Asker: 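Shown below is the structure under consideration.
Model, not experiment: these values are computed from the prediction. Numbered from 1 within each chain, the chains take letters A, B, ... in sequence-line order.
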There are 2 protein chains.
Amino acid sequence: MSIETTSLSKSERTRRAILEAAYSLFLDQGYHATSMRQIASKAGLALGGIYNHFGSKEEIFTAIFTEKHPYHQIVPLIAASEGETVEDFTHNAAHALVDALGHHPDLLNLMLIEIVEFKGKHVPKLFDSIFPKIMEIGTRFNRFNGQVRPIPIPLLMRAFLGMFFSYYITEIMLAGLMPSGTQEESLDTFADIFLNGVKRQF
Amino acid sequence: MSIETTSLSKSERTRRAILEAAYSLFLDQGYHATSMRQIASKAGLALGGIYNHFGSKEEIFTAIFTEKHPYHQIVPLIAASEGETVEDFTHNAAHALVDALGHHPDLLNLMLIEIVEFKGKHVPKLFDSIFPKIMEIGTRFNRFNGQVRPIPIPLLMRAFLGMFFSYYITEIMLAGLMPSGTQEESLDTFADIFLNGVKRQF
DNA sequence: CCTACCGATCGGTAGG
DNA sequence: CCTACCGATCGGTAGG
C-alpha cells in the first residue's frame, strides 16, 4: 500500500480511501448497518463526494467483494505452497494460509456478508475469475498420484477449502468457550484430519 | 405446530406468530435489512402491537437465536444416532442431520447473522445450555475406544461440527457452480474424509 | 468535491 | 392491540 499510494492519481487515491473505509466498516458491522455517512466520514470526505466515485452503496460492496475477496489471497498462497508429499503440501499450505490471514477470522466476514445480506447474488461473477485457479490447485493434488484416494478433484478442492472455513467459523463460534488448546494446535489437528481423510491407506 | 397451537393462550399465539414471521424474514434478509413493520405485517398485527410482546427488535432476535438455533435440532439428532463402529455412527449421524435439516442450508443463516451482524455477542449465553450436550456426544466417540486416533474430545467435536458447517457453506458458495455431483454424494465424501481422518490406521 | 436539501423509512412510544 | 405520531437517520441528488 505504502509504495503504490504515492504514485496514484488523486481521484484514484480517494477511491481507495473510500474502499478501505467501507471495507473495515462492513467487516465490523455488516452491510446494512453501515451508512454512507460513516463511510464518507472515515474516508475523509463529504457524503456527496462518494458519488463521484461510486454510483450507489451496493456498488461499493461489489467492488470490495470482487477486489478484496480472501480468495485472492488464499488461492495464490496455496498454489505457491511446496511439498513432495501430500503431507508436506497440506501442512505447508495450511500454515501459509493461517500465517497470512493472521489470526483474523473476520476476513471471512466478507463472504458471510455476501451470504447473509445478499443471498450470494454476487458469487457467480466472482467465481468465473477464480475457478481456473482452483482447478490449478486441483492438478497439484493430482500430482500426488497414488497418495490420495480417488476423490473427484472439484470435491477434493471443496473439502480442502471447507477445512479452512470450518476452522475459522468454529473458532469464531467457540473461541475461548471450549477448552481446546492453542489456535495453532487446533489448525494442525484440522489439517491432520483432512490429510488422513484424503490419504490412501496402506 | 398444529397440535400445540390450539392449546396456547391468545397472547402466546401472537408471540409465536411474531417469532415465526421474524424468523423467516431474518433468514431471508438478515437482521438490519428487516424492519419491525415487515415483521408486524407478516405476523398479522399492527406495528405497535409487537411491543406488547417484545421490548425491542433485538429482543426478538435474541429469543429466536436461543429458541430456534439449529443446535437444538442438530445435537439431539447426533446424540440419538446409533452405530457399533465409528464408521456406522459417523455416517448415520451425518445422514440423520442432512435428512432433518432438509436441504435448507439457510438454517445456518441464524448463526451467520449472529457472526456478521452481532459479532457473536449472544453466543456465550447460548453456549452454556449446549455445552453439556456436546460433551455428551464426545463421550460417544470415546466409546469407540481404539478405533479413533487420540484427539482431544473438544477438538474432535469441533471438527465434527465443522464438517457440517463446511459442507453447508461450500454448498451455498459453490452450489451449481462447481461440477461436483449430487448433494448426497458430496456429503458422503465429506463424511468419509472426516471418518478416515479421525480413524486410527492399521 | 462540498453544502444543503429531498422523500422515505427507521425503531419506538403515547394514549386510548 | 391499534392509531397516530415522534425525532432520527437513511440513500441519494441538485447546484454550484
Side-chain angles (χ1 to χ4, degrees), chain A residues 5-6 8-66 110 113-114 116-119 121-122, chain B residues 5-6 8-66 110 113-114 116-119 121-122:
Chain A
T5 306
T6 54
L8 294 173
S9 70
K10 186 172 185 183
S11 170
E12 183 62 21
R13 255 181 292 136
T14 305
R15 196 189 117 98
R16 307 296 269 220
I18 294 169
L19 288 178
E20 286 297 329
Y23 181 52
S24 70
L25 286 166
F26 288 159
L27 287 196
D28 210 53
Q29 307 175 333
Y31 175 80
H32 284 97
T34 298
S35 71
M36 291 297 268
R37 280 160 183 83
Q38 285 179 311
I39 296 172
S41 153
K42 187 154 194 167
L45 56 124
L47 168 67
I50 292 185
Y51 293 90
N52 295 316
H53 300 270
F54 298 95
S56 69
K57 186 182 173 186
E58 184 166 350
E59 220 171 79
I60 297 180
F61 180 82
T62 308
I64 291 175
F65 187 65
T66 57
L110 249 201
I113 291 172
E114 166 71 4
V116 167
E117 305 195 70
F118 292 102
K119 306 205 81 177
K121 74 175 185 179
H122 304 111
Chain B
T5 306
T6 54
L8 295 174
S9 70
K10 185 171 184 180
S11 170
E12 183 61 21
R13 256 182 290 137
T14 305
R15 196 190 116 98
R16 307 297 269 218
I18 294 168
L19 288 178
E20 286 297 328
Y23 181 51
S24 70
L25 287 166
F26 288 159
L27 287 195
D28 211 51
Q29 307 174 332
Y31 176 80
H32 284 97
T34 298
S35 72
M36 291 297 267
R37 281 158 181 84
Q38 285 179 311
I39 296 171
S41 155
K42 187 154 193 167
L45 69 156
L47 167 67
I50 292 185
Y51 292 90
N52 295 315
H53 300 270
F54 297 95
S56 68
K57 187 182 174 187
E58 184 165 351
E59 220 170 79
I60 298 180
F61 180 80
T62 307
I64 292 176
F65 187 65
T66 56
L110 250 201
I113 290 171
E114 165 71 5
V116 167
E117 305 195 70
F118 291 102
K119 307 206 82 180
K121 73 175 184 178
H122 304 111

Asker: Closer than 4.0 Å, any side-chain N/O of S35(A) to the OP1 or OP2 of dT9(D)?
Answerer: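 Answer is no, no contact under 4.0 Å.
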
Asker: Determine the contact category for H32(B): base if any of its heavy atoms lies under 4.0 Å from a base atom, sugar-phosphate if only primed atoms, P, OP1 or OP2 are that close, otherwise nothing.
Answerer: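 Nothing, no heavy atom under 4.0 Å.
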
Asker: Grab the NZ-P distance between K57(B) and dG11(C) for me, whole Å please.
Answerer: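 Computing the K57(B):NZ to dG11(C):P distance gives 4 Å.
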
Asker: Under 4.0 Å between a side-chain N/O of T14(B) and OP1 or OP2 of dC1(D), yes or no?
Answerer: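 For dC1(D), OP1 or OP2 has a side-chain N or O of T14(B) closer than 4.0 Å.
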
Asker: Over all strands shown, is T34(A) touching base, sugar-phosphate only, or nothing at heavy-atom distances under 4.0 angstrom?
Answerer: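 Since only primed, P, OP1 and OP2 atoms lie under 4.0 Å of T34(A), the category is sugar-phosphate.
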
Asker: Verify, without hydrogens or angle tests, whether E59(A) (side chain) and G55(A) (backbone) share a donor-acceptor contact under 3.5 angstrom.
Answerer: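 It does hold such a pair.
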
Asker: Could you check how far OH of Y31(B) sits from P of dC10(C), rounded to whole Å?
Answerer: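 Taking atom P of dC10(C) as the reference, OH of Y31(B) is at 13 Å.
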
Asker: Between atom CG in L47(A) and atom P in dA14(D), what is the gap in whole Å?
Answerer: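 That distance rounds to 14 Å.
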
Asker: Between atom CD1 in I39(B) and atom P in dG11(C), what is the gap in whole Å?
Answerer: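 Atom-to-atom, I39(B) to dG11(C), this comes out as 8 Å.
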
Asker: Identify the nucleotide, in any strand shown, that forms a Watson-Crick or G-U wobble pair with dG16(C), with both distances under 3.5 Å; if there is none, say none.
Answerer: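 dC1(D) is the nucleotide pairing with dG16(C).
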
Asker: Please determine if R15(B) and E20(B) form a salt bridge, counting it only when a charged side-chain N lies under 4.0 Å from a carboxylate O.
Answerer: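 No salt bridge links R15(B) with E20(B).
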
Asker: Would you call S24(A) and K42(A) a side-chain contact if the rule is heavy atoms closer than 4.5 Å?
Answerer: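 S24(A) vs K42(A): side chains touch.
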
Asker: Determine which nucleotide pairs with dC6(D), using a 3.5 Å limit on both distances of a Watson-Crick or G-U wobble pair.
Answerer: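 Per the H-bond distance test, dG11(C).
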
Asker: Hey, is the main chain of E117(B) close enough, under 3.5 Å, to the side chain of Q29(A) for a donor-acceptor pair?
Answerer: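 Not a single qualifying donor-acceptor pair exists.
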
Asker: Given dT3(C), dC1(C), dC1(D), identify the nucleotide with an atom nearest to the side chain of A46(A).
Answerer: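 Among dT3(C), dC1(C), dC1(D), the one nearest the side chain of A46(A) is dT3(C).
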
Asker: Atom CG of L25(A) and atom C1' of dC10(D): how far apart are they, to the nearest Å?
Answerer: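 My rounded result for the distance is 15 Å.
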
Asker: Who passes side chain to side chain donor-acceptor pair (under 3.5 Å) against Q38(A), sequence neighbours left out?
Answerer: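 Side chain to side chain donor-acceptor pair (under 3.5 Å) check on Q38(A) returns nothing, list empty.
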
Asker: For dT13(C), take OP1 and OP2 only and decide whether either is under 4.0 Å from a side-chain N or O of Y51(B).
Answerer: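 No.
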
Asker: Rounded to whole Å, please give me the gap between CD1 in I50(B) and C1' in dC10(C).
Answerer: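 Atom-to-atom, I50(B) to dC10(C), this comes out as 13 Å.
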
Asker: Nearest whole angstrom, please: distance from the P of dA14(D) to the CG of N52(A).
Answerer: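 Whole-Å distance recorded here is 13 Å.
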
Asker: Rounded to the Å, how far apart are Q38(B) CD and dG11(C) P?
Answerer: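 Distance, rounded to whole Å: 9 Å.
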
